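The residues of the chain are indexed from 1 along the displayed sequence. Computed from a prediction, not measured in an experiment: that's the story for all the values here.
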Amino acid sequence: MSIIFSQGSGVADSVFGKSQAPIKAMIESGVEAFQQFSAVDKVFSMDTTKNYAEKYTSETSLGDFADVGENGAYPKISMREGYSKVIEPTTWKSSFEITQEMVEDAKVGKVRSRANIFTTSYNRTREKFAASLIAGGLGTSVKFGGKSYSTAGADGVALFSTAHPSITKKSLTQSNRFKGAFSTDTLDAVQEKMQMFTDDDGNLLNVAPDTIIIPNVGSLKRAVLAAVGSDLDPNSANNALNFQCGLWNVIVWPYLPSTLGGKPYFLMMDSQFKDNYECLPWLDRVPLSVRSDIDPNTDANVIKGRARFGAGFNNWRCIAVCGEGVEGTSLTA
């Protein structure tokens with residue numbers, strides 16, 4: 001993407017001041033300020049690298065101790081590497097140009113608003129890319145900006161699947177994809193399903209979901225906040241205790257699609273498990289770098305921004321999706 005402000009455009013009569021330094025400083029400050037409101041670091045496992053790519057993997061359990069009796073031999077129990085995922089950051093660029101005539105005549109006062117447009121574009125791209133990957137987790141790939149990106153987990157199936165395989169027990173499959181309209185009963189059921197997630201060897205894990213992620217849909221926001229924000233059961237006439245109160249952090253992410261399968265949906269996540277096991281890695285290789293050049297052919301001032309980042313899915317167990325329009329495991333079966 002390239003933005004050109006020219007003297008004859010009539011929409012940028014005082015874009016650029018006489019110094020290039022303020023532009024770069026304001027662009028970098030804008031990125032830092034925007035990060036306070038980003039949902040990317042709340043949903044993904046943020047990581048950095050100095051390599052062209054990083055491999056994320058796990059190890060299976062060691063197994064249980066055995067009663068060998070008096071003077072018994074030590075049993076030999078082996079571990080093995082679990083499924084793995086390689087995340088390779090890609091290069092993202094943008095720029096805008098200002099003609100030399102405007103550099104000579106314009107005022108510094110308009111710099112901030114124009115620089116904010118540039119930084120908003122960068123951060124909007126990150127948010128939209130992240131949300132596209134999550135929403136695309138119902139399949140194994142998603143299109144963004146004309147390119148295809150993997151939304152499969154390390155196990156080779158979609159992030160949200162009814163049949164996640166085990167690397168050690170071929171008969172063991174698990175689901176983090178559920179069908180059902182949001183209600184307190186659905187909330188209870190999805191929470192229970194996640195708390196019963198096991199590792200590849202069938203050992204019960206300590207998955208404790210604490211985050212609900214929803215799109216910006218008014219009716220869904222009201223339903224979710226009513227279910228988790230009251231210390232009394234909103235569906236009970238006799239004021240039964242609502243044990244869900246105080247357990248949840250609710251994230252409203254406006255970059256998510258409003259519906260899946262034409263119906264509302266919600267995501268449930270264990271934020272601590274997500275970070276501890278690097279389940280949804282977001283890999284920053286090069287932060288946004290901004291420089292300013294003069295085009296020798298036109299004398300235009302060119303402001304360029306470049307970054308390298310990538311994201312993908314490693315361990316599905318930190319997150320689940322549920323919706324009335326989602327083709328998934330029934331919660332009432």
Side-chain angles (χ1 to χ4, degrees), residues 39-40 42-44 127-128 130-139 142 151 153 158-164 174-197 207-274 279-280 313 316-333:
V40 175
K42 300 176 181 64
V43 177
F44 283 79
E127 294 290 316
K128 290 172 68 175
S132 294
L133 289 180
I134 292 294
L138 292 174
V142 68
T151 52
L159 171 65
F160 302 114
S161 173
T162 59
H164 286 287
Q174 300 181 74
S175 174
N176 68 335
R177 177 171 172 157
F178 305 105
K179 183 177 182 63
F182 183 85
S183 66
T184 53
D185 288 341
T186 301
L187 177 66
D188 295 347
V190 177
Q191 180 189 37
E192 178 186 348
K193 294 291 187 182
M194 289 190 67
Q195 290 170 336
M196 297 303 293
F197 285 165
V207 178
D210 59 0
T211 303
I212 297 172
I213 307 165
I214 58 175
N216 187 28
V217 177
S219 58
L220 183 59
K221 287 189 289 185
R222 180 171 292 276
V224 170
L225 293 175
V228 306
S230 172
D231 57 359
L232 300 178
D233 189 342
N235 298 322
S236 175
N238 58 4
N239 293 331
L241 178 66
N242 179 17
F243 72 89
Q244 297 287 8
C245 180
L247 297 182
W248 300 98
N249 175 35
V250 178
I251 297 175
V252 180
W253 199 5
Y255 289 96
L256 287 172
S258 299
T259 62
L260 291 177
K263 299 288 185 178
Y265 66 99
F266 68 98
L267 304 167
M268 186 178 289
M269 184 175 70
D270 182 340
S271 62
Q272 184 171 347
F273 191 96
K274 177 258 298 183
C279 296
L280 313 176
F313 306 132
W316 57 269
R317 293 171 178 84
C318 73
I319 195 168
V321 65
C322 182
E324 192 175 357
V326 174
E327 294 298 323
T329 303
S330 172
L331 293 167
T332 58

> Can you sort out the partners of Asp270 under side-chain hydrogen bond (donor to acceptor under 3.5 Å, both in side chains), two or more places apart, ordered by chain and number?
none
> Closest approach of Val252 and Pro215, non-hydrogen atoms and distance?
CG1-O, 3.9 Å
> Excluding sequence neighbours, so at least two apart, what forms side chain to side chain contact (heavy atoms under 4.5 Å, CB included) with Ala135?
Pro257
> Calculate, to the nearest 0.5 Å, the distance between atoms CZ and CD1 belonging to Phe160 and Ile134 respectively.
5.5 Å
> Is it true that a side-chain atom of Asp210 and a backbone atom of Asn249 form a donor plus acceptor pair closer than 3.5 Å?
no
> Arg177: what forms a side-chain hydrogen bond (donor to acceptor under 3.5 Å, both in side chains) with it, not counting sequence neighbours?
none
> What is the minimum heavy-atom distance between Arg317 and Val207, and which atoms define it?
O-CG1, 3.9 Å
> Sequence neighbours left out, what passes side chain to side chain contact (heavy atoms under 4.5 Å, CB included) with Pro254? Give chain and number order.
Asn216
> Can you give me the closest heavy-atom contact between Phe44 and Lys274, atom names plus distance?
O-NZ, 3.0 Å
> side-chain hydrogen bond (donor to acceptor under 3.5 Å, both in side chains) with Ser132: which residues, sequence neighbours excluded?
none
> I'd like to know whether Thr186 forms a side chain to side chain contact (heavy atoms under 4.5 Å, CB included) with Phe178, so could you lay out the CA-CA distance, the side-chain angles of the two residues, the decisive distance to 0.1 Å, and finally the verdict.
CA-CA 10 Å; Thr186 301; Phe178 305 105; over 6 Å; no
> Nearest 0.5 Å, what's the CD1-CG distance between Ile251 and Leu267?
10.0 Å
> Check whether any side-chain N or O of Lys179 sits under 3.5 Å from a backbone N or O of Glu324 as a donor-acceptor pair, and report yes or no.
yes
> Quick one: CG on Leu159 to SG on Cys279, what's the gap to the nearest 0.5 Å?
9.5 Å
> If you compare all heavy atoms of Pro209 against all heavy atoms of Gln195, which two are closest, and at what distance to 0.1 Å?
CD-CG, 4.1 Å
> Would you name the heavy atoms of Ala227 and Leu187 that are closest together and state the gap between them?
CB-CD2, 4.4 Å
> First locate atom CD1 of Ile213, then atom CE of Met268, and finally report the distance between them rounded to the nearest 0.5 Å.
10.5 Å
> Are the side chain of Thr151 and the backbone N or O of Gly136 linked by a donor-acceptor pair below 3.5 Å?
yes
> More than 12 heavy atoms of other residues, nucleotides or ligands under 6.0 Å from NZ of Lys263: yes or no?
no
> In Å, rounded to the nearest 0.5 Å, how long is the span from OH of Tyr265 to OG1 of Thr259?
7.5 Å
> Walk me through it: do Leu138 and Glu327 pass the test side chain to side chain contact (heavy atoms under 4.5 Å, CB included)?
CA-CA 9 Å; Leu138 292 174; Glu327 294 298 323; over 6 Å; no
> What are the two closest heavy atoms between Ile319 and Asn176, and how far apart are they?
O-ND2, 3.0 Å
> Nearest 0.5 Å, what's the CD1-CH2 distance between Ile212 and Trp248?
5.0 Å
> Is there side-chain contact between Lys221 and Val250, with at least one heavy-atom pair below 4.5 Å?
no
> Sequence neighbours left out, what passes side-chain hydrogen bond (donor to acceptor under 3.5 Å, both in side chains) with Thr211? Give chain and number order.
none
> Aromatic rings His164 and Trp316: how do their planes relate, parallel, tilted or perpendicular, breaks at 30° and 60°?
parallel
